[in-house]
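Here the structure comes first, spelled out in structure tokens, and everything after it is commentary.
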Amino acid sequence: MPDKLAQAVAQLRKKDGNRPLMYCSATQMVSQALEPLKVWPADIPRPLSFYNALIENVCVGCTMVINKETLRLVKKRMPASLQNIIMHDWWIYLCTSSFGEVVFDARPSIWYRQHQNNVLGGSTDGWASKWRKRLSRFIKGKNRYILSRQARQFIQLYGQDLPSQMYKDIEQFLGSYQKGLGSRIKYIYQSPFYRQSRIDNWIYKLVFLLGKL
């Protein structure tokens with residue numbers, strides 16, 4: 001959109017620029033012919049916090065604008081290998097939400113073109129089709145253990161700087177996950193981590209219980 005950068009800067013200037021800040025927005029999905037399809041993400045009902053970022057990414061990389069403090073934070077402890085990092089935008093969301101603030105703009109800042117050859121990107125399918133594809137990937141062994149590996153990488157790099165409660169919560173998350181089913185059942189009902197939609201939240205709990213997170 002023509003005012004994307006100005007819109008982002010205006011939002012960030014309302015915040016304390018001495019701490020890590022990140023702007024991100026919804027996207028207007030369009031067809032190959034640039035016909036509007038839907039807005040995604042359309043609804044962010046819960047805070048964009050560390051407790052969301054550890055297990056879900058709702059920040060689209062091509063909408064992001066960050067300040068210098070966020071850049072310094074991300075560069076401060078770069079992973080030696082990227083094999084445990086799911087996506088660059090997810091990692092930046094996790095870092096920023098842990099030590100600063102994420103600003104979400106519900107007004108789309110970009111057109112996100114969808115076509116039959118998309119490798120990555122949002123889906124315009126209905127929820128049933130979306131979950132069939134996710135289930136198929138899970139059964140085939142794809143996307144297993146990626147959340148726990150990324151969480152472990154994050155605490156190895158940034159654990160010493162985290163507020164004590166965040167550090168305790170991520171330690172409990174990883175500790176309970178590595179134990180038996182009984183410990184996972186006991187933990188999951190009091191887990192402070194959440195995904196934005198109710199159905200996604202239940203899927204998180206189920207995959208955690210299965211030990212495949």
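For the pair Ile203 and Arg195, the minimum side-chain heavy-atom distance is 4.5 Å or more. Two residues are said to be in side-chain contact when any heavy atoms from C-beta on lie closer than 4.5 Å; Tyr93 and Val58 meet this criterion. A heavy-atom distance below 4.5 Å is not found between the side chains of Phe193 and Phe208. With contacts defined as side-chain heavy-atom distances shorter than 4.5 Å, the pair Ile86/Asn57 does not qualify. Between Glu171 and Leu162 the shortest side-chain heavy-atom distance does not fall below 4.5 Å. Taking the side chain as every heavy atom from C-beta outward, Met64 and His88 never approach each other to under 4.5 Å. At a threshold of 4.5 Å between non-hydrogen side-chain atoms, the residues Gln153 and Ile85 count as touching. Under the 4.5 Å side-chain criterion, counting only non-hydrogen atoms from C-beta, Tyr194 is in contact with Ser49.
Interatomic distance, Leu54 CG to Gln150 CD, rounded to the nearest 0.5 Å: 8.0 Å. Rounded to the nearest 0.5 angstrom, Ile92 CD1 and Thr70 OG1 are separated by 8.5 Å. The CD atom of Gln7 sits 11.0 Å away from atom CG of Leu12, with the distance rounded to the nearest 0.5 Å. Remark: Gln114 CD to Thr27 OG1 distance equals 7.5 Å, nearest 0.5 Å. The line from CZ of Arg149 to CG of Leu213 is 11.0 Å long, rounded to the nearest 0.5 Å. A distance of 10.5 Å separates CD in Gln11 from SG in Cys24, rounded to the nearest 0.5 Å.
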Stepwise side-chain contact (heavy atoms from CB on, under 4.5 Å) test for Cys59 and Phe104: CA-CA 8 Å; Cys59 298; Phe104 178 78; 5.9 Å; no
Show, in sequence, the C-alpha distance, side-chain angles and deciding distance for Glu56 and Tyr204, and conclude whether the side-chain contact (heavy atoms from CB on, under 4.5 Å) test is met. CA-CA 9 Å; Glu56 180 182 27; Tyr204 150 61; over 6 Å; no
Determine, stepwise, if the pair Val39 / Gln28 fulfils side-chain contact (heavy atoms from CB on, under 4.5 Å). CA-CA 5 Å; Val39 172; Gln28 174 62 65; 3.5 Å; yes
Pair Asn18, Glu69 - check side chain to side chain donor-acceptor pair (under 3.5 Å), show working. CA-CA 7 Å; Asn18 294 316; Glu69 291 304 313; over 6 Å; no
Criterion side-chain contact (heavy atoms from CB on, under 4.5 Å) on Gln160 and Arg77, from CA distance to verdict: CA-CA 11 Å; Gln160 60 191 299; Arg77 294 198 174 92; 3.6 Å; yes
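Ser109 places no side-chain N or O within 3.5 Å of a backbone atom of Ser25 that could act as its donor or acceptor partner. Counting only distance, with no hydrogens or angles, the side chain of Gln196 and the backbone of Arg46 share a donor-acceptor pair below 3.5 Å. Judged purely by atom type and a 3.5 angstrom limit, Lys205 uses its side chain to pair as donor or acceptor with the backbone of Ile188.
Between Tyr158 and Phe99, the angle of the ring planes lies from 30° to 60°, which puts this pair in the tilted group. Tyr187 and Phe173 have perpendicular rings, their planes meeting at more than 60° on a 0 to 90° scale where under 30° would count as parallel.
Annotation: side-chain hydrogen bond (donor to acceptor under 3.5 Å, both in side chains) contacts involving residues 174-186, sequence neighbours excluded, are absent.
The heavy-atom pair separating Arg19 from Asp16 by the smallest distance is CG-O, 3.2 Å. Minimum interatomic distance between Ala53 and Trp90 (heavy atoms only, all atoms of both residues): O-NE1, 2.7 Å. In terms of heavy atoms, Asn67 sits closest to Gly17 at ND2-O, 3.5 Å. Contact record, Val74 with Cys95: CG2-CB, 4.4 Å, taken as the closest heavy-atom pair.
No donor-acceptor contact under 3.5 angstrom links the side chains of Tyr51 and Ser97, judged on distance only.
The ring-ring contact (aromatic ring centres under 6.0 Å, His included) check on Tyr23 picks up nothing, with sequence neighbours excluded.
Two different hydrophobic clusters hold Leu34 and Val60 under the rule that ILVMFWY side chains link at heavy-atom gaps under 4.5 Å.
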